[in-house]
K.L.:
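Before I ask anything, here is the structure I am working with.
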Amino acid sequence: MLYLKTNEPNSFNLKPSIFMKSQEIRAQFLDFFKEKSHTIVPSAPMVTKDDPTLLFVNSGMAPFKEFFLGNGKPKSNRLADSQKCLRVSGKHNDLEEVGYDTYHHTLFEMLGNWSFGDYFKKEAISWAWELLTEVYKIDKDILYVSVFEGSDDADKLPLDQEAYDLWKELIPENKIVKGNKKDNFWEMGEQGPCGPCSEIHVDLRSEEEKAKTPGIALVNMDHPHVVEIWNLVFMQYNRKANGSLENLPHKHIDTGMGFERLCMALQGVKSNYDTDVFQPIIKQIEKITNTTYGANQQQDIAIRVIADHVRAVAFSIADGQLPSNTGAGYVIRRILRRAVRYGFTFLDKKEPFIYQLVAILSEQMGAAFPEISGQKKLIENVIKEEENSFLRTLDQGLILLDKIIENADAKEISGDKVFELYDTFGFPVDLTALILSEKGFTLDEKGFKDELQKQKNRSKAASEMSTEDWTLLAEEGTEEFIGYDTLSADVKLTRYRKVVSKKEGEMFQLVFDATPFYPEGGGQVGDKGFFEDSQGNQIAILDTKKENNVIIHFTKKLPKEVNDIFKATVNEKIRENTACNHTATHLLHEALREVLGIHVAQKGSAVNANYLRFDFSHFSKVTAEELKAVEAYVNAKIAMQLPLEESRNVSMEKAIADGAMALFGEKYGDTVRAIKFGNSIELCGGTHVKNTGDIWHFKIKSEGAVAAGIRRIEAITNEAVKNFYDDNNQALNQIKELLNNVKAPVKAVQKLQDENTALQKQIEQLLRDKAKNVTGEIINQLQEINGVQFLATKVDLDANGIKTLAFDLGKKHPNLFLVFANAPTNEKALLTCYISKELVNERGYDAGKVVRELGKFIHGGGGGQNFFATAGGKNPGGIPQALENAKEYLS
RNA sequence: GGGGAUGUAGCUCAGUUGGCUAGAGCGCUUGACUGGCAGUCAAGAGGUCGUGGGUUCGAGUCCCAUCUUCUCCA
């Protein structure tokens, strides 16, 4: 693996007078494009919500995908931003490699300027050049650019002459590289907008190195100091489903400049980690772990890993994505655990410490990203708890590994053992390898990889899904949501496709020109219902979801005539109950802030027809009194019969000024919908009741923790409350009835319980006494045959009693050979045989054999150990015979 | 979404192919020794074996369902 010394003195020709702080660099970028009439937008949340193909925003354009796909319009056709991105997989971004070099990251910022059908190559190129050379004052001599060379394949694309000619005006031709399709043609996916791109590279090497190899030879060669800093994408084609290209009616610009790399170039350092983006964090790591960055190669890697990962984890928690065991949350957990692991092994930190870096991060990034500074305490708590839990996992794993080593019969530990340790107990395999090698063992790497592959195949097979192409029926227009005003409408089908998954089987996804169906979002479930063709045939709509800003209806079949006009109708009952729960959620949010304090912020919510769930930040258990107060507050608001005041399409600024709460991690459009009930104002796309009176009543069912500093309340409203009280009431009435309608059922039950324990003790005592009596009788009946104390008799005890009796006798008398029989019912008979151990050992008696053979008389079978065995059967009439024959076994 | 593991005394855990009357350590209670404490010894209390079904003469153990917690993969 490539390793670079990162502390070399600055040795390349940047003007040293201009040391620019990263914050200034970011600000200048945005200011520059603001002057060029761009609207500056904040970074979208990193966690994606309505794109099933993507867990995290992984490039600057991801949040704008819907605009490029034509599913919506941006508020301005010129935008600029700094977008936080997260990459943990892909060819050049394997999580396991971050930290080993000086320029790959999980979280990074992408500076971008955007044109949606507005300016094109000329402006994009000249502005990029102007910003780099005149504002940032990068020496023109160390810059190189690339243009698309064209392709000979099926696409038959020409050289991007337009871009070449534009660059020729700005830079000598010997600094323009012609790049192939892999480097210089950008596609969003299998289908959709795409086009050639032009990259700007910067050569940061020393003069000696430059003298040895010309920079142009190193462009796109993965050299750590000849790096691409900016990619200008010219979207001019549309890739169709059949693979062919067509010209786009409107051409777009999509650019992305790696912020950390830019800082490296401008600050005259040779590693992203030496910029002021990372240095404060690294300093703090040095302080906490008592190490020095640059002194030891392995420790340097660990420090870079931690510095990088804490940013990724903190930002995603700030965006509402907590570490968890599935989906995006699991990615975050893995990142954090990797950091803990490096700290554990190479920096010798056996207790939580990464959370202590959040303060520095917040100080440094808080101005540009208020979601970090605003939630500092929460982020610290969550990280600390997660660190603790992983350290516990490591502790357990160490114990298990010790056991494996102890029981090892060879110097190589098998792959499946190591895999079990990893898969079931979460113990990292690299740590296993390290410990094994320290103790002189090796591990079967191939066996481990095979097991891992098997597991991957299993998962893949289970989640396999095939998606067919869309069948388009009408020109694509924006699908309108009309479900705020109506639950039923005449609609036309605009496109549909078939999806097949293992779990759901064959399903169809339908898109209409307009729809009253609410798509899952904002915690609220998607509507269910049906649509009906002109012949009156109905097809059920099972769910509604949003994907890249398109509302998709899920059905099991297609209509006979797809071009018909359909009547789409939402299930009213479900929608009403859901609306009650959604409005109640808003009131609950308000009540919590009122009762617990304004630190309470929504961290998640789920609203469906049956109940509502609300997660929020709060650092201690909500007491019973507080819950009561919250419930009372919400019910007071319901009693006040507050009307819904809805404002659609208000500007974000106005809504905030009116007191609406915006949530971290939520992506808002340019105009928003504000929902007001009394003092509760929230930005919300969900469906609500017309008046809080419709909710009828609100009842909290449970309160608990979901993570460090995050609590969860589950509650019900309306009919569910009635049912809840009805059920409780019925149960209570039944209890009362059973107790002959006592006035104080609780006391009565308490008394019953006390009596029950007392009675149980009495029974035990009686049984003991009875057994004692029986014991006495039995001792008298023992006959001595051949030195064996023998008895075969029927006793009036249950199976347990007989067992106790036999063992009691066994303790007091030697040389016993006992066969007991009893008949608990008319259809059941039981034989028990007890033989003292000394007899078993000396004479080879076998109680199991005795009961098996005697069992035949009672039409049954059994077994046990050689000194105690039981058999059961269906024929109590055979008991006397069985007892008579018992003697036979004494010989 | 798929797989693996886990649930037994207040806590940490044992419990073989179903079969000694469910155990150990720590903790708790009581008593003894010591001038008192620490300590040692002795006795004792404490268990719906996650829940609900099933198979069996017999289930902590096997089967099915379900829940909790942990963990890996997608």
Side-chain angles (χ1 to χ4, degrees), chain A residues 52-53 55 88-89 323-331 333-334 337 386 388-397 399-400 403 416-429 448-449 451-465 501-504 704-706 753 756-757 760-761 764 767-768 771 798-811 820-824 827-837 840 846-848 850-876 882:
Chain A
T53 63
L55 286 178
V88 289
S89 58
S324 76
N325 58 356
T326 54
Y330 182 59
V331 174
R333 170 166 287 173
R334 263 171 55 195
R337 290 188 167 193
E386 187 68 18
N388 261 323
S389 98
F390 186 53
L391 289 168
R392 275 197 296 274
T393 303
L394 286 181
D395 273 345
Q396 276 185 343
I399 294 168
L400 289 167
K403 269 187 200 159
D416 56 340
K417 276 223 176 84
V418 176
F419 183 74
E420 191 197 10
L421 194 59
Y422 164 77
D423 180 57
T424 303
F425 301 102
F427 197 72
V429 64
F448 176 82
K449 280 189 178 149
E451 290 293 326
L452 187 62
Q453 193 55 46
K454 270 190 230 161
Q455 145 120 309
K456 284 188 179 177
N457 293 343
R458 259 199 312 272
S459 289
K460 227 174 218 160
S463 64
E464 208 165 288
M465 210 173 88
S501 69
K502 201 159 194 178
K503 187 150 196 291
E504 309 265 335
V706 278
Q753 272 184 336
N756 191 36
T757 20
Q760 245 166 13
K761 278 191 181 150
E764 273 170 35
L767 283 177
R768 268 200 293 274
D798 67 348
N800 242 336
I802 292 177
K803 202 175 194 180
T804 312
L805 170 66
F807 281 97
D808 275 350
L809 286 166
K811 271 181 208 160
F820 294 131
N822 68 332
E827 284 100 41
K828 262 191 154 178
L830 192 70
L831 290 177
T832 307
C833 177
Y834 178 91
I835 306 170
S836 296
K837 271 188 181 171
V840 173
D846 182 356
V850 173
V851 294
R852 259 193 306 277
E853 292 180 11
L854 294 180
K856 286 175 190 155
F857 296 107
I858 56 165
H859 298 173
Q865 299 102 295
N866 48 17
F867 64 95
F868 183 83
T870 55
K874 287 175 272 187
N875 178 27

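Quantities reported herein were computed from a predicted structural model and do not represent experimental measurements. Naming convention: chains lettered A, B, ... in sequence-line order (proteins, then strands); numbering from 1 in each chain. As a basis for the values below, the full set of heavy atoms in this structure was taken, side chains included, without hydrogen atoms, waters or symmetry mates.
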K.L.:
May I ask you to say what Gly327(A) touches in the nucleic acid, namely base, sugar-phosphate or nothing, with a heavy-atom cut-off under 4.0 Å?
P.N.:
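Since a base atom lies under 4.0 Å of Gly327(A), the category is base.
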K.L.:
Give the rounded distance in Å between these two atoms: CD of Gln453(A) and P of G3(B).
P.N.:
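Those two atoms, CD and P, are 18 Å apart.
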K.L.:
For U71(B), does OP1 or OP2 lie under 4.0 Å from any side-chain N or O of Arg337(A)?
P.N.:
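For Arg337(A), the contact criterion (side-chain N or O under 4.0 Å from OP1 or OP2 of U71(B)) is met.
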K.L.:
Take the protein atom CG of Asn457(A) and the nucleotide atom C1' of G3(B), then report the distance between them rounded to whole Å.
P.N.:
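Asn457(A) atom CG is separated from G3(B) atom C1' by 12 Å.
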K.L.:
Can you check whether Phe857(A)'s main-chain N or O pairs, donor with acceptor, with Asn875(A)'s side chain at less than 3.5 Å?
P.N.:
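A pair under 3.5 Å: yes.
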K.L.:
Roughly how many Å apart are A14(B) and A22(B), using the C1' atom of each and rounding to a whole number?
P.N.:
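The answer is 11 Å between these two C1' atoms.
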K.L.:
Describe the nucleic acid contact of Lys837(A) in one word from base, sugar-phosphate, nothing, applying a heavy-atom distance below 4.0 Å.
P.N.:
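Here Lys837(A) touches the bases of the nucleic acid.
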K.L.:
Could you tell me how far apart Glu451(A) (CD) and G3(B) (C1') are, to the nearest whole angstrom?
P.N.:
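Roughly 12 Å, once rounded to whole Å.
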K.L.:
Please find the pair of heavy atoms, one from Leu831(A) and one from Ala882(A), that lie closest to each other, and give the distance.
P.N.:
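Nearest heavy atoms, Leu831(A) then Ala882(A): CD1-CB, 4.2 Å.
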K.L.:
Quick one: is Arg333(A) getting a side-chain N or O under 4.0 Å of the U71(B) phosphate, OP1 or OP2?
P.N.:
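Yes, within the criterion.
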K.L.:
Rounding to a whole Å, what distance do you find between Asp423(A):CG and A74(B):P?
P.N.:
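The answer, rounded to whole Å, is 11 Å.
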K.L.:
Closest nucleotide of RNA chain B for Lys403(A) versus for Gly426(A): which of these residues is on the 5' side?
P.N.:
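Upstream on the strand: Lys403(A).
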K.L.:
On RNA chain B, nearest-nucleotide positions of Leu830(A) versus Phe868(A): which is more 5'?
P.N.:
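In this pair, the answer is Phe868(A).
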K.L.:
When you measure from the side-chain N and O atoms of Tyr422(A) to the phosphate of U71(B), is any distance below 4.0 Å, counting only OP1 and OP2?
P.N.:
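For Tyr422(A), the contact criterion (side-chain N or O under 4.0 Å from OP1 or OP2 of U71(B)) is not met.
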K.L.:
Nearest to the Thr393(A) side chain among C72(B), U21(B), U71(B), which nucleotide is it?
P.N.:
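Nearest to the side chain of Thr393(A) among the choices is U71(B).
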K.L.:
How are the rings of Phe868(A) and Phe807(A) set to each other: parallel, tilted or perpendicular (split at 30° and 60°)?
P.N.:
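Rings of Phe868(A) and Phe807(A): tilted, as their planes differ by 30° to 60°.
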K.L.:
In whole angstroms, how far is the P atom of U21(B) from the CD1 atom of Ile802(A)?
P.N.:
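Rounded to whole Å, this separation is 14 Å.
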K.L.:
If you check the Thr424(A) side chain, which of A5(B), G1(B), C20(B) turns out closest?
P.N.:
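So the side chain of Thr424(A) is nearest to A5(B).
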K.L.:
Which whole-number value in Å describes the distance from Asn875(A) CG to C57(B) P?
P.N.:
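One finds 15 Å between P of C57(B) and CG of Asn875(A), rounded.
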K.L.:
Report the distance from atom CD of Gln396(A) to atom P of U12(B), rounded to the nearest whole Å.
P.N.:
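Gln396(A) atom CD is separated from U12(B) atom P by 10 Å.
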K.L.:
On the nucleotide C73(B), are OP1 or OP2 found under 4.0 Å from the side-chain N or O atoms that Lys456(A) carries?
P.N.:
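Result: no.
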K.L.:
Can you tell me how far P in A43(B) sits from the matching atom in U16(B), rounded to whole Å?
P.N.:
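Pairwise P distance, A43(B) against U16(B), rounds to 28 Å.
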K.L.:
Using purine N1 to pyrimidine N3 plus N6-O4 or O6-N4 for Watson-Crick, or N1-O2 and O6-N3 for G-U wobble, both under 3.5 Å, which nucleotide pairs with U29(B)?
P.N.:
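Its partner is A43(B) (Watson-Crick or G-U wobble, both distances under 3.5 Å).
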K.L.:
Any chance you could lay out the ring-ring contact (aromatic ring centres under 6.0 Å, His included) test for Phe820(A) and Tyr834(A), step after step, and finish with the verdict?
P.N.:
CA-CA 8 Å; Phe820(A) 294 131; Tyr834(A) 178 91; 8.8 Å; no
K.L.:
Counting any heavy atom closer than 4.0 Å, what does Gly861(A) reach on the DNA or RNA strands: base, sugar-phosphate only, or nothing?
P.N.:
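Base contact.
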K.L.:
Regarding Gly862(A), tell me which of base, sugar-phosphate or nothing describes its non-hydrogen contacts under 4.0 Å with the strands shown.
P.N.:
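Base, at least one base heavy atom under 4.0 Å.
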K.L.:
Considering only atom C1', compute the distance from C70(B) to C62(B) and round it to an integer number of Å.
P.N.:
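C70(B) and C62(B) have their C1' atoms separated by 25 Å.
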K.L.:
C33(B) and G25(B): how far apart are their P atoms, nearest whole angstrom?
P.N.:
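Pairwise P distance, C33(B) against G25(B), rounds to 25 Å.
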K.L.:
Determine whether any donor atom in the side chain of Lys828(A) lies under 3.5 Å from an acceptor atom in the base of C57(B), or the reverse, and answer yes or no.
P.N.:
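Absent.
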K.L.:
For a quick test of reading the model, state the closest non-hydrogen atom pair linking Cys833(A) to Val851(A) and the distance between them.
P.N.:
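Shortest heavy-atom separation between Cys833(A) and Val851(A) comes out as CB-CG1, 3.6 Å.
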K.L.:
Provide the Watson-Crick or G-U wobble partner of U16(B), both distances under 3.5 Å; none if there is no partner.
P.N.:
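U16(B) is unpaired by these criteria.
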K.L.:
Please give me the minimum heavy-atom distance between Leu394(A) and Phe427(A), naming the atom from each residue.
P.N.:
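Nearest heavy atoms, Leu394(A) then Phe427(A): O-CE1, 3.4 Å.
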K.L.:
Using a cut-off of 4.0 Å on non-hydrogen atoms, how would the nucleic acid contact of Gly863(A) be classed: base, sugar-phosphate, or nothing?
P.N.:
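Base contact.
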K.L.:
Considering only atom P, compute the distance from G52(B) to U61(B) and round it to an integer number of Å.
P.N.:
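Comparing P positions in G52(B) and U61(B) gives a spacing of 13 Å.
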K.L.:
Taking atom types as they are modelled, would you say the side chain of Gln455(A) forms a donor-acceptor pair with the base of C72(B) within the 3.5 Å cutoff?
P.N.:
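When only heavy-atom distances are counted, Gln455(A) does reach the base of C72(B) through a donor-acceptor pair under 3.5 Å.
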K.L.:
To the nearest Å, how far apart are Asp395(A) CG and U12(B) P?
P.N.:
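Rounding to the nearest Å, CG of Asp395(A) and P of U12(B) are 14 Å apart.
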K.L.:
What contact category does Phe807(A) fall into here, base, sugar-phosphate, or nothing, at under 4.0 angstrom with non-hydrogen atoms?
P.N.:
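Touches a base.
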K.L.:
Taking atom C1' in both A59(B) and G53(B), what distance in whole Å separates the two?
P.N.:
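Straight-line distance between the two C1' atoms is 14 Å.
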K.L.:
Looking only at the side chain of Phe867(A) (C-beta and beyond, no hydrogens), which of the listed nucleotides C20(B), U21(B), C73(B) gets closest?
P.N.:
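Taking heavy atoms from C-beta onward, the closest nucleotide is C20(B).
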K.L.:
Using the C1' atom in both, what is the distance from G58(B) to C20(B), to the nearest Å?
P.N.:
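These two C1' atoms come out 14 Å apart once rounded.
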K.L.:
On the nucleotide C20(B), are OP1 or OP2 found under 4.0 Å from the side-chain N or O atoms that Tyr834(A) carries?
P.N.:
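It does not, given that no N or O in the side chain of Tyr834(A) lies less than 4.0 Å from OP1 or OP2 of C20(B).
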K.L.:
Does Arg392(A) put a side-chain nitrogen or oxygen below 4.0 Å from OP1 or OP2 of U69(B)?
P.N.:
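Negative; the distance criterion is not met.
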K.L.:
Can Glu420(A) and Lys417(A) be counted as an ion pair, charged N to O under 4.0 angstrom?
P.N.:
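Here Glu420(A) does not pair with Lys417(A) in a salt bridge, since their nearest N and O are not under 4.0 Å apart.
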K.L.:
Between G27(B) and A9(B), how many Å separate the two C1' atoms, rounded to a whole number?
P.N.:
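Taking atom C1' in both G27(B) and A9(B), they lie 11 Å apart.
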K.L.:
Can you confirm whether Glu451(A) sits close enough to Tyr422(A) that some side-chain heavy atom of one is under 4.5 Å from a side-chain heavy atom of the other?
P.N.:
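Glu451(A) does not reach Tyr422(A) side chain to side chain.
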K.L.:
Is there, by distance only and without an angle test, a donor paired with an acceptor across the side chain of Ser501(A) and the base of G1(B) below 3.5 Å?
P.N.:
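Donor-acceptor pair under 3.5 Å: no.
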